[in-house]
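Working notes, beginning with the structure itself.
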There are 2 protein chains.
Amino acid sequence: MSSDASPAPAPVTLREVAASAGVSVATASKALNGQGRMTAETRERIRETARRLGFRPNSLAQSLLRRRSFTVGLLTNDTYGRFSLPLMSGVSDALVDAGVSVFLCNVEDDTRLAQLHVEAMLDKRVDGIIATGKRIDRHLPVDLANLRIPVIYAFTQPDPGAIAFVSDDSGGARLAVEHFCRLGRKRIAHVTGPASFAVVHERAQAYRDVLTEKGLPVMEPLLGSWSEAWGHEAVKKLFDGQGKLSKTGSEKPDAVFCGNDQIARGVIDALRERGLGVPDDVGVIGFDNWQIVAEATRPPLTSVDMNLAALGREAGLTLLSLVGGQPAAPGIRKLPCRLVVRQSCGRPPDG
Amino acid sequence: MSSDASPAPAPVTLREVAASAGVSVATASKALNGQGRMTAETRERIRETARRLGFRPNSLAQSLLRRRSFTVGLLTNDTYGRFSLPLMSGVSDALVDAGVSVFLCNVEDDTRLAQLHVEAMLDKRVDGIIATGKRIDRHLPVDLANLRIPVIYAFTQPDPGAIAFVSDDSGGARLAVEHFCRLGRKRIAHVTGPASFAVVHERAQAYRDVLTEKGLPVMEPLLGSWSEAWGHEAVKKLFDGQGKLSKTGSEKPDAVFCGNDQIARGVIDALRERGLGVPDDVGVIGFDNWQIVAEATRPPLTSVDMNLAALGREAGLTLLSLVGGQPAAPGIRKLPCRLVVRQSCGRPPDG
DNA sequence: GCGATTTGGGAAAAGGTTTTCTCAAAGGAG
DNA sequence: CTCCTTTGAGAAAACCTTTTCCCAAATCGC
């Protein structure tokens, strides 16, 4: 802790810099911004003075004049934050270097609260808004169309004609299932969340597609909830019932692709409880790559990562270019997922 | 989605309102703010005009004049966000009704980044800063002393002479251990995190104090890591070794107070694996009340909640009153925890 | 009916910066 | 030595709102 005990350094204005350097504020401004014409000597003298006085321009004054506040709003309804947080920090990281700060607006599912936040942001003249949520297929509880400032949607349902970034869930699912195929797994099951989620269907379709392409048997995806408990229960259904596949003996799955990491955790625990080894007997892959869960699972869980931080960065940068006047085509951009391989899926045959 | 397709409503200024109402801007301003003297009729006419035009004052201009931006900065290094998020939303909720917006600044443990954020906030004339972290006993990587604006510390190590809010970990631990006592548990163990954390010692001391007060045997707390794996291992130590207590037969613990919910989860799983019933044979209480873990545990985990959202609200309100010029005594304020009773600790004898 | 007070409302400064104009001095061409 | 161009720097407007001060008209007291 450096405690020079300087009590309260008064903010120094451009006027004071100018006075101290013996020039007008106009000249001082131009000197510091590299504008206008003056002797190199004058310019340097002013700069030195500013440095000495610790001058920092007042952003409010600048913003007022430039009609640009170097500020954006981040709207989210993901209270728990599992998805929002990496996304938020991606946005923030992308913007901080451009000198842009981020207003955090947690709106829950409360329309009044959301309206309040949006109005506060508009009053504060944010340059743009990023809307983000906990589900790709649900709107935030507020209308952001026709807002006179650019809006980017990230990991939430966009308005028609808007620009949105979402994860490529279909691609993510392919990653997982194809990985199982490469490892030589033949009977791959899919245990996932409730039918009310769009991603459930998207991933299930990708699952079916890959298996069909590879000529492997397709088992009907098991829909349930996003919980460990459902993972347990699903194992019962998969391994207790009469085999879903027609062949002899080996009718039970040798791999389970799960809709999220909690389900996967439940599946792995349930498998262990009935004496099945993971990954030797059954491989398991999760979704979300929720690190703290994936790493606590034994064995550590291979999982599909949606790259939410990258998604946030992309959204931030796009908003920035929109604010800067660059045009951008509306539409939904899907960003690729990546597979984080740990130990629950088995090793490739070749090592 | 209401799409009135109004293309881009231009922001309307006070000047336009005044012109439209046939008065000067001075009068218009006074009419809208309830200042000055004028006929009720004039005032109402101006207000009506403002309403009709959808006038909203430009915050930047107001801030410039009032030297108050109605904006605060929230600094955090809790990337993962388990602790930060409830805290952040508490802060935000407390402030949004006062029209104050919150800049989110994720600084990781990067001094450069932190400096960058702090300077951006100062340039933007935030009214104050709330510093928060993932550990009570560690500083953020930046010096916030002598900043000319008020700073409040919440759930992070404060500078000397500052105002800070932290959870009362000692009280939280008492809550848990006393609850066990009330339930008639006699041999209560404590499994917790690494010695490098201040809270580990604080809670352990409270644990010892309560047991001593009640005349129950004190077992030396088991320090390890904050992980499920350590919970497993600790059960081995507690239940395999020769009894730590001198009495006959019943030397094994009948209750385990855990330093966090992940440890508790590991403990419960390990107990089940060795055929011990929770809560019948052994009661378990966790710490943090990390809902998603506590509820996924079987049986659902009783846990100490640090009330972080309330802590955030308190911090936000205090900062507000500081900004408003109210004096406040420096020092660390400990806010009480609460025990969230689920099913892992057993029921009171009286039902 | 005249001076003193109240009333209703406007002019202008302030807040801090940027940018456009303007202008005097200096330099160059002839 | 005069005219034109360049150079260096300042004055002022603009951004939008709030607040202080001021003034004219109306009201009041007598």
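Computed from a prediction, not measured in an experiment: that's the story for all the values here. Convention: sequence-line order gives letters A, B, ...; per-chain numbering from 1. Only heavy atoms go into these numbers, but all of them, side chains included; no hydrogens, no water, no symmetry mates.
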Result for 5'-nearest mapping on DNA chain D, choosing between A/Leu64 and A/Ala28, is A/Ala28
Flag for A/Ser84-A/Thr76: side-chain donor and acceptor within less than 3.5 Å: yes
### Query
Is the ring centre of B/Phe155 less than 6.0 Å from the ring centre of B/Phe165?
no
* Describe the nucleic acid contact of B/Ser29 in one word from base, sugar-phosphate, nothing, applying a heavy-atom distance below 4.0 Å. => base
Side-chain donor/acceptor contact of A/Lys30 with base of D/dG8 under 3.5 Å: no
So CG of A/Leu53 and CD of A/Glu48: to nearest 0.5 Å the spacing works out to 10.0 Å
Practice prompt. Verify the distance criterion only: is there a donor paired with an acceptor across the side chains of A/Ser101 and B/Lys124 at less than 3.5 Å?
Written response: yes
Between CZ of B/Arg15 and C1' of D/dA14 the distance, given in whole Å, is 9 Å
When rounded to whole Å, the CZ to C1' distance for the pair B/Arg37 and D/dT20 reads 13 Å
| said: Between B/Thr27 and C/dG10, is there a contact of a side-chain N or O with OP1 or OP2 at under 4.0 Å? | reply: yes
Under 4.0 Å, counting only non-hydrogen atoms across every strand here, what does A/Ser63 touch: a base, just sugar-phosphate, or nothing? nothing
Rounded to whole Å, CE of A/Met38 lies from P of C/dT19 at a distance of 13 Å
### Message
Looking at D/dC15, I'd like to know if its phosphate oxygens (OP1 or OP2) sit under 4.0 Å from a side-chain N or O belonging to B/Asn58.
### Response
no
Taking five pairs at each terminus, the helix from C/dG1-D/dC30 to C/dG30-D/dC1 shows an axis bend, to 10°, of 50°
query = OP1, OP2 of C/dG9 versus side-chain N and O of B/Thr39: anything below 4.0 Å?
reply = yes
